[in-house]
Amino acid sequence: MEKIITQAIIDSYLKELLDNVETDVIICGAGPSGLLCGYYLAKEKIKVTIFERHLKVGGGMPGGGIMFNKIAFQKEVLSILDEIGISYTHYKDDIYVADSIETISCLTYKTVKSGVKIFNLFSVEDVVVRENRVCGVVINWTAVQQSSLHVDPIAIISKYVVDATGHDCEVAKIVEKKLGWIKVKGEQPMWAQRGEEALLENTKEVCPGLVVCGMAANAFFGSYRMGAIFGGMFLSGKKAAELIKSKIK
Ligand code: 48F
């Protein structure tokens, strides 16, 4: 039995990894914006592969605000919550509250079931380029990175790369540092209203082949942070998907 268990794990994992060596869209980071972006793309039959650095998916969402596992949403995203199957209650004015564990569970379920392949424990450490276009990423095991082992990475090829790495905007920073094609301004302090308003506008293709979404988009354009309100993250993930869909199809 042990032998079959081992064979089953290795065989099925390697098949999936091989199947994702070339994909339509690579999303870097399985936080709320990256997951939702993946969900809307996969719904359109676009092949999506997510690489997530950590063991768990969800980024900053499960932690809620200061580990109180509640998160806030605005009225305008209730239709997305309904589509994903997330329950919520009205709190005050146009603010609604949801359980962060339920939210990330429902979102992960919908994303995976829509056909997105998530590889956890992989860190994106570089991009692949051709001429003036980003056309893939370079990945290595997070454990290799953390232990500073000298182990060469592998490359994954795609039509589009999405930087959904959150506050650190890591993929865009690699492009800035190595190629100088773009400038990452860096995130501003907290101003929830302004941060949320800016997020949709900031969700865009910042150089050929690279789209920023979620907090990475605000960090890229030097906009404000907003704390444990997630309407902007959802709208940003959806917009990134629509943008890529219009280019691919
Ligand atoms: O930080 P994160 O949740 O990003 P987001 O989708 O959402 C932001 C909110 O959680 C919150 C907020 C709400 O208003 O401001 O912060 O923009 O998720 C980012 C994910 O990317 C992973 C990281 O582990 C996290 O799960 N990540 C970061 N860098 C890399 C990465 C990398 N180089 N390779 C792979 N994954």
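Atoms considered below: every heavy atom in the structure, side chains included; atoms not considered: hydrogens, waters and symmetry mates. Whatever order the structure lists ligands and atoms in, that order sets their numbers, starting from 1.
- Heavy-atom proximity to G214, at under 4.0 Å, picks out these atoms of ligand 1: 17 (O).
- Here E170 pairs with R53 in a salt bridge; the nearest charged N to carboxylate O distance falls below 4.0 Å.
- For atom 34 (N) of ligand 1, the nearest non-hydrogen atom of the protein is V124 N, 2.9 Å.
- The shortest separation from a heavy atom of H167 to ligand 1 is under 4.0 Å, placing the residue in contact.
- The closest approach between any non-hydrogen atom of M233 and ligand 1 is below 4.0 Å.
- Polar contact check, A228 against ligand 1: no nitrogen or oxygen pair lies under 3.5 Å apart.
- Remark: minimum distance from atom 5 (P) of ligand 1 to any protein heavy atom is reached at S33 OG, 3.6 Å.
- The contact set between ligand 1 and G166, taken as ligand atoms under 4.0 Å from a residue heavy atom, comprises 1 (O), 4 (O), 17 (O), 19 (C).
- Listed by atom number, the atoms of ligand 1 under 4.0 Å from G31 heavy atoms are 3 (O), 6 (O), 18 (O), 20 (C).
- Atoms of ligand 1 found under 4.0 Å from any heavy atom of F51 (numbered from 1 in listed order, with element): 35 (C), 36 (N).
- Between F73 and F230, the ring planes lie tilted relative to each other; the angle falls in the 30° to 60° range.
- Near F122, meaning under 4.0 Å from any of its heavy atoms, are these atoms of ligand 1: 35 (C).
- For ligand 1, the polar-atom distance check against I229 finds a nitrogen or oxygen pair separated by under 3.5 Å.
- Taken together through direct or relayed side-chain contacts under 4.5 Å among Ile, Leu, Val, Met, Phe, Trp and Tyr, Y96 and M61 form part of one hydrophobic cluster.
- Listed by atom number, the atoms of ligand 1 under 4.0 Å from G60 heavy atoms are 2 (P), 3 (O), 10 (O).
- Hydrophobic clustering of Ile, Leu, Val, Met, Phe, Trp and Tyr side chains at less than 4.5 Å, counting indirect connections, keeps V161 apart from V116.
- T165 CG2, 3.7 Å is the protein heavy atom nearest to atom 30 (C) of ligand 1.
- In terms of protein heavy-atom proximity, atom 9 (C) of ligand 1 is nearest to F230 CE2, 3.6 Å.
- For the pair K113 and Y39, the NZ or CZ position fails the cation-pi test of under 6.0 Å to the six-membered ring centre and within 45 degrees of the ring normal.
- Taking a cutoff of 4.0 Å between a charged side-chain nitrogen and a carboxylate oxygen, D19 and K47 qualify as a salt bridge.
- Atom 20 (C) of ligand 1 has its closest protein heavy atom at E52 OE1, 3.6 Å.
- Of the protein's non-hydrogen atoms, the one nearest atom 14 (O) of ligand 1 is G227 O, 2.6 Å.
- A donor-acceptor pair is defined here as one N or O able to donate and one able to accept, closer than 3.5 Å; no such pair exists between the side chain of D126 and the backbone of V138.
- With a heavy-atom cut-off of 4.0 Å, S236 does not touch ligand 1 at all.
- In this structure A30 satisfies the side chain to side chain contact (heavy atoms under 4.5 Å, CB included) test together with L35, I50, E52, V57, sequence neighbours excluded.
- Short contacts between ligand 1 and H54, defined as distances under 4.0 Å to a heavy atom of the residue, involve ligand atoms 24 (O).
- Using the six-membered ring where Trp is involved, F51 and F122 have ring planes that are perpendicular, over 60° apart on the 30 and 60° scheme.
- Of all protein heavy atoms, the one closest to atom 21 (O) of ligand 1 is G29 CA, 3.2 Å.
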Chi angles and distances behind the salt bridge (charged side-chain N to carboxylate O under 4.0 Å, His left out) call for R225, E196: CA-CA 8 Å; R225 66 184 304 189; E196 286 288 279; over 6 Å; no
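- For atom 17 (O) of ligand 1, the closest non-hydrogen atom on the protein side is M215 N, 2.7 Å.
- The salt bridge (Lys or Arg N to Asp or Glu O under 4.0 Å) test with D24 singles out one residue from K117, K45, K159, K247, and that residue is K159.
- Both cation-pi conditions hold for K238 and Y40: the charged atom is under 6.0 angstrom from the six-membered ring centre and inside a 45 degree cone around its axis.
- Taking the side chain to side chain contact (heavy atoms under 4.5 Å, CB included) definition, one finds that Q7 meets it with K3, I4, sequence neighbours left out.
- Close N/O approach between R53 and ligand 1 is found [any backbone or side-chain N/O within under 3.5 Å].
- Numbered from 1 in the order shown, with element, the atoms of ligand 1 that lie under 4.0 Å from a heavy atom of M226 read 14 (O), 15 (O).
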